[in-house]
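Please read the structure below before turning to the comments.
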Protein chains: 2
Amino acid sequence: MTARPANAHQARLLRLLRDEGPNSRAQLGDRVDLSRSRLAVEVDRLLETGLAVADGLAASRGGRRSHNIRLAPNLRFLGVDIGATSVDVAVTNAELEVLGHLTQPMDVREGPVPVFEQVLGMAAKLKASGLAEGFDGAGIGVPGPVRFPEGVPVAPPIMPGWDGFPVREALSQELGCPVMVDNDVNLMALGQMHAGAARSVDDYLCVKIGTGIGCGIVVGGKVHRGVTGSAGDIGHIQAVPDGRPCACGNRGCLEAHFSGAALAQDAVEAAQQGRSPQLAARLAEYGRLTAADVGAAAAAGDATCLDLIRDGGTRAGQVIAGLVSFFNPGLVVIGGGVTGLGHNLLAAIRTQVYRQSLPLATGNLPIVLDELGATAGVVGAARLISDHVFSPA
Amino acid sequence: MTARPANAHQARLLRLLRDEGPNSRAQLGDRVDLSRSRLAVEVDRLLETGLAVADGLAASRGGRRSHNIRLAPNLRFLGVDIGATSVDVAVTNAELEVLGHLTQPMDVREGPVPVFEQVLGMAAKLKASGLAEGFDGAGIGVPGPVRFPEGVPVAPPIMPGWDGFPVREALSQELGCPVMVDNDVNLMALGQMHAGAARSVDDYLCVKIGTGIGCGIVVGGKVHRGVTGSAGDIGHIQAVPDGRPCACGNRGCLEAHFSGAALAQDAVEAAQQGRSPQLAARLAEYGRLTAADVGAAAAAGDATCLDLIRDGGTRAGQVIAGLVSFFNPGLVVIGGGVTGLGHNLLAAIRTQVYRQSLPLATGNLPIVLDELGATAGVVGAARLISDHVFSPA
């Protein structure tokens with residue numbers, strides 16, 4: 001088991017080194033509110049834990065040259081992002097740089113035991129390739145609500161077999177390191193904070209439109225999970241009064257009208273009804289259609305597919321407009337599988353938000369597409385566990 | 001000018017004494033994470049500032065009897081809650097107990113100068129009645145968005161003449177004490193935290209349905225104001241696609257379909273169209289109708305008024321259901337002028353939220369009516385300024 005920092009000052013130094021890379025003692029002193037002697041004591045103790053190491057002399061600032069301090073180069077975090085139909089496993093260093101990243105198809109409905117066998121196999125593969133000797137912590141994302149303190153999925157609609165499964169405890173035993181578990185959308189939001197568009201923003205929303213739809217909420221630099229861990233569950237906000245029936249039992253939920261699943265279904269209908277020769281050709285070729293097919297056909301000028309994207313973006317934009325009025329964020333990031341639909345989707349969402357929310361809330365509000373793709377979730381997972389490892393025991 | 005605490009420990013002790021009343025040194029020691037000797041030092045320094053005083057011997061806990069500590073009994077806060085058509089001014093002691101409270105009709109559209117003349121007159125009246133010799137701080141609520149750090153209203157729709165007026169600075173000079181300014185809905189939420197339903201809840205929403213509609217958002221015990229101070233501006237969330245035109249330029253906003261103003265308009269129509277003899281009689285008698293008339297007629301069994309309340313509650317419930325899914329609060333408080341509509345309104349809102357939001361978010365979610373009435377805003381205002389006065393200078 002890796003050592004942990006002894007107090008909040010050491011924790012703060014570790015996170016600074018994680019987020020900003022190697023720093024000289026002098027620079028660290030500028031950044032933290034500690035006397036010079038106290039800083040020296042805390043840095044020395046950190047070096048004793050082995051979490052940080054001295055690393056050569058820093059450039060002179062006029063006086064005596066000070067040593068560079070950096071996080072131990074052999075620290076390794078495992079980031080796992082379990083989706084509905086695929087799983088991403090990555091290994092990072094202590095600065096959360098991805099050293100290796102595997103993606104495999106997977107069916108979350110098979111339940112936790114076979115999924116974790118697969119995950120452990122992927123982790124072993126990354127180890128075997130020489131990227132890690134062991135892991136100092138692992139972050140796990142699952143596509144459903146999580147009782148965060150215990151790391152247990154709770155009533156997850158698309159993965160019923162996972163309800164109450166002690167993910168944190170079980171994986172911690174298997175991996176022999178600390179484990180934290182969170183909703184996949186929250187990890188995507190954390191990924192934006194570390195490596196994406198939200199690096200300098202404290203209050204933002206990260207909307208993930210994939211098989212389902214969810215929203216990561218960051219308030220004051222911290223993920224807001226809500227009292228039962230279901231915050232951000234926007235897929236079942238009503239988008240269309242008396243609209244399509246939804247799996248949840250209501251009608252008109254956003255997810256029933258626009259999500260990877262809804263879009264695939266719309267695409268098949270359009271193909272079968274002869275409204276889109278491009279989709280019909282793809283359906284004939286592959287036997288199924290996904291959001292990616294709609295995106296490709298739209299890019300090739302298919303009018304029906306452009307309409308599908310615009311309609312979906314408008315629905316999503318309506319709901320996001322409400323969230324913007326309510327939450328007044330500094331940034332909205334749109335991510336997930338359907339971001340492959342690109343700027344047509346973004347334009348539809350933006351139009352709706354800028355039209356519907358009040359100018360005071362949207363005046364300086366950027367709405368952008370996620371640029372990290374599959375990296376967001378695994379980096380977010382590594383960030384989650386690093387926050388834990390870099391906090392006082 | 002009142003002294004301020006010198007550090008975070010003293011600030012914490014002051015807030016404890018504010019929220020829990022007099023405490024013995026021994027009890028304070030149990031509550032704060034300080035060594036016995038450090039606690040003694042901090043308490044002694046607090047006594048020197050005059051913000052707290054020793055107040056007799058506490059009951060024995062077996063050993064030497066320790067002194068009771070309490071906040072200085074002569075501290076006075078002014079709480080001001082400016083609405084669209086009336087203003088509340090109250091004076092509280094340091095524990096935020098209301099010692100005197102005045103309400104007067106007022107028109108916020110007249111602009112800040114006449115409104116503050118009135119407020120200062122009311123404050124002088126409270127002083128003259130012997131409740132205060134001076135004020136140690138004043139909290140001011142205004143019915144629009146506020147740039148919080150500066151205490152300046154910004155682009156407030158119903159009070160255009162206030163845009164950019166330096167409320168904090170101007171009143172601070174007039175009153176000779178520190179002043180903080182916030183949106184009236186945020187102060188209502190703070191009032192719930194201190195004296196209302198939210199005393200033991202960290203994450204909650206406080207929906208105010210008055211002339212307009214707004215929502216106070218509390219995350220981790222702190223008001224979330226958003227990046228431009230407009231968080232909680234839910235009156236312009238779309239409740240009815242292609243619905244009624246709204247003053248903001250859009251159609252179907254919640255406020256256009258249900259608010260004190262919308263309800264009054266609906267009531268006049270119902271009276272004029274002969275759909276409600278009760279409302280017709282009241283209109284003939286008073287020449288105008290308000291939400292209170294609808295509530296009174298409904299209580300007397302008027303079916304049209306019951307329908308108006310149910311429809312309005314359903315609209316509000318639809319929007320609140322979305323916020324519950326998004327934010328996953330531990331409590332929702334419904335307040336403002338239309339709470340006079342009582343349990344018919346509450347039932348309609350609850351029905352909609354419990355039907356539309358997922359069970360995980362609503363399982364243990366209380367949705368309750370505000371019980372503080374006009375006290376919520378002024379106590380919230382006093383709480384706001386006390387948080388400032390009881391923080392390190």
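Small disclaimer: the values here were computed from a predicted structure and weren't measured. Every chain is numbered from 1 and lettered A, B, ... according to where its sequence line falls, protein lines coming before strand lines.
For a residue to count as touching a neighbouring chain, one of its non-hydrogen atoms must lie under 4.5 Å from one of that chain's; by this rule Leu323(A) touches chain B with the side chain only. Proximity to chain A (any heavy atom under 4.5 Å) is restricted, for Leu358(B), to the side chain, taken from C-beta onward. The part of Asn250(B) that comes within reach of chain A is its side chain, from C-beta onward, which places non-hydrogen atoms under 4.5 angstrom from that chain. Looking at Pro241(B), the atoms closer than 4.5 Å to chain A (heavy atoms on both sides) all sit in the side chain, from C-beta outward. In this structure, chain A has no heavy atom under 4.5 Å from any part of Ala321(B). In this structure, chain A has a heavy atom under 4.5 Å from the side chain of Leu205(B), while its backbone stays farther away. Both the backbone and the side chain of Val154(B) come within less than 4.5 Å of a heavy atom in chain A.
When only modelled atom types and interatomic distance are considered, Asn328(B) and Thr228(A) share a side-chain donor-acceptor pair under 3.5 Å.
For the pair Pro329(A) and Val227(B), the tightest heavy-atom approach, listed with the atom from each and the gap, is O-CG2, 3.3 Å. Between Phe327(A) and Ala231(B), the shortest heavy-atom distance links the atoms O-CB, 3.7 Å.
Residue with the most contacts toward chain B among Gln238(A), Arg251(A), His224(A): His224(A) (heavy-atom pairs, distance under 4.5 Å). When the candidates Ile217(B), Asp202(B), Val219(B) are compared by the number of heavy-atom contacts under 4.5 Å with chain A, Ile217(B) comes out ahead.
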Subject >> Verdict with reasoning, Ser325(B) to Asp233(A), per side chain to side chain donor-acceptor pair (under 3.5 Å) >> reply: CA-CA 5 Å; Ser325(B) 294; Asp233(A) 192 358; over 6 Å; no

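In this structure, Asp203(A) contributes its side chain and Gly226(B) its backbone to no donor-acceptor pair below 3.5 Å.
Interatomic distance, CZ of Arg147(A) versus CG of Leu360(B), reported as 9.5 Å (0.5 Å rounding).
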